[in-house]
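Values reported hereafter were calculated over all heavy atoms of this structure, with side chains retained and with hydrogens, waters and symmetry mates removed.
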Amino acid sequence: AFMNTASCRSSITFIDGDEGILRHRGYPIEQLAEKTTYLEVAYLLLNGELPSAAELETFSKEIGDESSLHENMKGFIQSFQPSAHPMGVLISAMGALGTYYPESKQVLDSKIRRRQIARIIAQAPIVAAWSYRHSVGKPLVNPDPSLGYTANFLSMMKRGAEPRYAAHP
C-alpha cells in the first residue's frame, strides 16, 4: 500500500495504519470529524491551532472572497469527455487556474502564497462540483456567496431546478 507514497516525518499529521490512528496537529481524526468544520480543520493544518470564533470568521471570509472561477473555466471543464477520470480533470483544472494568477509563481512571498492557499481551498470544490455535473450531463452551477463552505459545495453538486438548494444542517 506504500508503493507510490513517500514516507516522511511530519509535525502536521501522524498516521499509524496498523493501529488505526490518524491525528492532525495532535488532534484525533475522530474528534475533528465530530466537532469541527472543514474550514476549522484547514485552519488547524495551516496555523497549528484550531481557530477562535473571530479567527474562523476572518478565515471563512478569506476563503469566501476567492470562491469564484473565471467563466472560461466552464468551457475548459466541459472540453473533457464526460467519462474522463475525475482526478485527471481536477489536476488539469487546478493547473489551468494557475494561468489566471501570474503572481502565483512568487512562492517565496508569504502574502501571495497565503492568497494562493485560500484560492485552492476555495476553488477546488467548485472544480470538483463542475466536473461531477459535467460527467452526469447536468448544467454547471455557480457558487452561491450567501452559503457557507460545505453548503455551497453541496449546492453546486446537487441543485436541480430549484432557485436555491437547502442543505441539511
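- Ala129 and Met156 make their closest contact through CB-CB, 3.5 Å (heavy atoms, listed as atom of the first residue, atom of the second, distance).
- When the side chains of ILVMFWY residues are joined at heavy-atom separations under 4.5 Å, either directly or via intervening members, Leu45 and Ile121 end up in two distinct hydrophobic clusters.
- The aromatic rings of Tyr38 and Tyr149 lie parallel to each other, with less than 30° between the two planes, well short of the 60° mark.
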Test log, rule side-chain contact (heavy atoms from CB on, under 4.5 Å), inputs Val141 and Arg133: CA-CA 8 Å; Val141 174; Arg133 289 184 70 93; 3.4 Å; yes

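- Scanning both residues, Ser67 and Ile126, for their nearest heavy atoms gives C-CD1, 3.7 Å.
- Put simply, the residue from Thr13, Leu50, Leu44 that forms a side-chain contact (heavy atoms from CB on, under 4.5 Å) with Arg25 is Leu44.
- Ser146 and Arg164 are linked by a side-chain donor-acceptor pair at a separation below 3.5 angstrom, with hydrogens and angles left out of the test.
- No more than 12 heavy atoms of other residues, nucleotides or ligands shown are found within 6.0 angstrom of CD on Glu57.
- The closest donor-acceptor contact from the side chain of Ser135 to the backbone of Tyr132 lies under 3.5 Å.
- At distances below 3.5 Å, at least one donor-acceptor pair connects side-chain atoms of Gln123 with backbone N or O atoms of Ser68.
- The OG1 atom of Thr36 sits 9.5 Å away from atom OH of Tyr27, with the distance rounded to the nearest 0.5 Å.
- Counting only heavy atoms from C-beta outward, the side chains of Arg114 and Glu62 approach each other to under 4.5 Å.
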Working for side-chain contact (heavy atoms from CB on, under 4.5 Å), residues Arg115 and Tyr101: CA-CA 10 Å; Arg115 186 159 187 207; Tyr101 309 109; over 6 Å; no

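- Rounding to the nearest 0.5 Å places OG of Ser131 at 10.5 Å from CE of Met87.
- The hydrophobic cluster containing Tyr43 does not contain Ile120, counting ILVMFWY residues as joined when their side-chain heavy atoms lie under 4.5 angstrom apart, directly or transitively.
- At distances below 3.5 Å, at least one donor-acceptor pair connects side-chain atoms of His134 with backbone N or O atoms of Phe80.
- Atom CG of Leu154 and atom CG of Asp144 lie 12.5 Å apart (nearest 0.5 Å).
- Salt-bridge formation is detected for the pair Lys74/Glu71: a Lys NZ or Arg NE/NH1/NH2 atom is positioned less than 4.0 Å from an Asp or Glu carboxylate oxygen.
- In this structure, Lys158 places its NZ atom where only 12 or fewer heavy-atom neighbours from other residues, nucleotides or ligands lie under 6.0 Å away.
- Distance CE/Met73 to CE/Met94: 8.5 Å, rounded to 0.5 Å.
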Step-by-step side-chain contact (heavy atoms from CB on, under 4.5 Å) determination, Asn152 to Tyr165: CA-CA 9 Å; Asn152 199 18; Tyr165 177 80; over 6 Å; no

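- In the hydrophobic clustering of this structure, Leu97 groups with Val89; members are Ile, Leu, Val, Met, Phe, Trp, Tyr whose side-chain heavy atoms approach within less than 4.5 Å, directly or through other members.
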Step-by-step side-chain contact (heavy atoms from CB on, under 4.5 Å) determination, Ile21 to Phe14: CA-CA 8 Å; Ile21 298 170; Phe14 173 79; 3.8 Å; yes

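- Although no hydrogens or angles enter the test, the distance criterion places no donor-acceptor pair under 3.5 Å between the side chain of Asn47 and the main chain of Glu49.
- From Leu46, atom CG reaches atom CD1 of Ile12 across 8.0 Å, with rounding to the nearest 0.5 Å.
- Here the CG-CD distance, from Asp109 to Gln116, works out to 10.5 Å after rounding to the nearest 0.5 Å.
- Panel note: side chain Thr99, backbone Ala96; a donor-acceptor pair is recorded below 3.5 Å.
- Nearest heavy-atom pair, Leu140 versus Trp130, reported as atom, atom and distance to 0.1 Å: CD2-O, 3.3 Å.
- A continuous path of ILVMFWY side-chain contacts below 4.5 Å connects Leu69 to Leu90, so both sit in one hydrophobic cluster.
- Closest of all the heavy-atom pairs between Phe153 and Ala128 is CE1-CB, 4.2 Å.
- The shortest non-hydrogen separation linking Ile112 to Glu103 is CG2-O, 3.3 Å.
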